[in-house]
Amino acid sequence: MPIHDDEIRATVGQVRRLVAAQCPQWADLPVTPVPDELEGTDHVLFRIGDELVARMPKIAGAVDQADSDARWLPLLASHLPARIPLPLHVGEPGAGYPWRWTVVPWIVGSTPPRLGCNDVLLARDVAAFVRALHGVDPAGGPAKPPGTRGSALLHADEAVRRALPRLAEHDDGFDVAAAEAAWDACLAAPDWDQDPVWIHGDLQPGNLITHRGRLAAVIDFGALGVGDPAPDVAPALWTFTGAAREAYRQAVGYDGATWRRACGWALAPSLTGIDYYRYTFPRMAEHGRRMVRAVIAELA
């Protein structure tokens, strides 16, 4: 089932034709779709042989990622303590497919539990990755535009306010008035007033690749940019539970105001996403419910 009304989903046949025309060195390799449970919200994925994967944007909002990855990831990779998926090819539209796309290495491993991981060692690994990323010189990096993670939290307020009355029509396992109070507390936090930093912006469990319990790679840099570090503090809530949550928060650092903005960046996409994904991507909606409950508890 499509997640978005405006999806354009590449097919196996299209990817085969695109690879044959643009990457003849891989033309003899089989092309197979990645299982649905590994697919995210922005791209359709296809294995090319055993060692490659084609990332095909499926919504217009993701079409800039191919060029962003090709430009910025090679500059960041040497500074980071875990592998990132450097593009091996940036493809052109064709075969009836309208957008640029990429081929990246397939990174072997597994992802943490999607609905919460209490693994202290992994939390510290991810925090080390974040601190390294935030330490890279941000000069010339793409500033996060208003409304995106890494910009001022206030830009998300209108969308959150629109979502709250819709959520009040359902029982999602939390008090909507308490969620609104938590959001107000997040908005009251002072804005980031220091130099911007590089942020990943979407350190959800599905974007972390582990091997033998340790962080091996970080993938999906669609929210990459330079801005407020708070969205990269939010994985304490997005990804970790129990002792791992506190371990991540302590290891990644930052002050109380940044923590409250991080709570806001856990809360805003959850409140807007629950209803959006309620029927088309139930796993994402459930993740959002858990985040709302976690933030309410954190700020109570």
Side-chain angles (χ1 to χ4, degrees), residues 115-118 123 126-127 130 134 144-194 196-197 199-205 223 225 227-278 284-300:
L115 296 178
C117 173
N118 189 8
V126 178
V130 166
H134 291 187
K144 297 296 294 182
T148 63
R149 296 173 195 170
S151 67
L153 192 60
L154 180 63
H155 295 300
D157 186 51
E158 183 179 352
V160 169
R161 302 293 178 189
R162 286 198 307 266
L164 290 168
R166 296 196 300 270
L167 293 173
E169 298 173 359
H170 299 269
D171 180 4
D172 285 302
F174 58 85
D175 184 285
V176 174
E180 184 171 18
W183 175 244
D184 288 337
C186 296
L187 282 180
D191 289 339
W192 180 249
D193 61 358
Q194 302 179 45
V197 300
I199 63 168
H200 179 282
D202 195 21
L203 292 167
Q204 305 275 358
D228 178 0
D232 282 354
V233 180
L237 294 153
W238 288 342
T239 300
F240 297 110
T241 59
R245 175 171 294 168
E246 185 60 25
Y248 182 85
R249 181 180 173 184
Q250 292 299 321
V252 80
Y254 293 108
D255 60 7
T258 302
W259 174 244
R260 275 196 287 158
R261 294 194 309 278
C263 289
W265 284 116
L267 193 57
S270 299
L271 290 171
T272 58
I274 291 168
D275 225 36
Y276 185 86
Y277 295 117
R278 185 179 301 279
M284 185 67 75
E286 179 57 23
H287 189 268
R289 295 182 188 100
R290 288 174 178 247
M291 289 307 93
V292 174
R293 291 193 290 268
V295 173
I296 290 172
E298 179 65 32
L299 299 179

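- Looking at Trp238 and Asp202, their side chains never bring a donor and an acceptor atom within 3.5 Å of each other.
- Trp183 has its side chain within reach of Leu153: a pair of non-hydrogen atoms, C-beta onward, lies under 4.5 Å apart.
- Using a 4.5 Å cut-off on side-chain heavy atoms (C-beta onward), Val233 and Arg261 make no contact.
- In terms of heavy atoms, Leu271 sits closest to Ala179 at CD2-CB, 4.1 Å.
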Next on the checklist: Run Glu298 and Arg249 through salt bridge (Lys or Arg N to Asp or Glu O under 4.0 Å) and show every step you take.
Outcome noted: CA-CA 12 Å; Glu298 179 65 32; Arg249 181 180 173 184; 3.4 Å; yes

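- A 6.0 Å sphere centred on CG of Asp171 holds no more than 12 heavy atoms belonging to other residues, nucleotides or ligands.
- Interatomic distance, CG of Leu267 versus CG of Leu187, reported as 9.0 Å (0.5 Å rounding).
- To the nearest 0.5 angstrom, Arg278 atom CZ is 14.5 Å from Met284 atom CE.
- Shown here for Ala163 and Thr272, the closest heavy-atom pair between the two residues is CB-CA, 4.1 Å.
- The CD1 atom of Ile296 sits 11.0 Å away from atom CD of Glu180, with the distance rounded to the nearest 0.5 Å.
- Here the shortest heavy-atom pairing between Leu299 and Ala182 reads CD1-O, 3.7 Å.
- Electrostatic pairing of Arg161 and Glu158 does not count as a salt bridge here, judged by no charged N lying under 4.0 Å from a carboxylate O.
- When atom types are taken as modelled, the side chain of Thr239 and the backbone of Leu203 share a donor-acceptor pair closer than 3.5 angstrom.
- Ionic pairing of Asp228 and Lys144 is not present here: no N-O contact between side-chain nitrogen and carboxylate oxygen is shorter than 4.0 angstrom.
- With a 4.5 Å cut-off on side-chain heavy atoms, Val292 and Asp172 do not count as touching.
- Two residues are said to be in side-chain contact when any heavy atoms from C-beta on lie closer than 4.5 Å; Asp275 and His170 meet this criterion.
- A salt bridge does not link Arg260 to Asp184: none of the charged side-chain nitrogens sits closer than 4.0 Å to a carboxylate oxygen.
- Put simply, the side chain of Ile274 reaches to within 4.5 Å of the side chain of Arg289, judged on heavy atoms.
- Closest of all the heavy-atom pairs between Ala266 and Leu237 is CB-CD1, 4.0 Å.
- Closest heavy-atom contact between Pro231 and Trp265: CG-CD1, 3.8 Å.
- Residues His287 and Arg290 have side chains not in contact (no heavy-atom distance under 4.5 Å, counting atoms from C-beta outward).
- Residues Pro145 and Ser151 share a closest heavy-atom pair of O-CB, 3.4 Å.
- Residue Gln250 holds its CD atom at 13.5 Å from CZ of Arg245, rounded to the nearest 0.5 Å.
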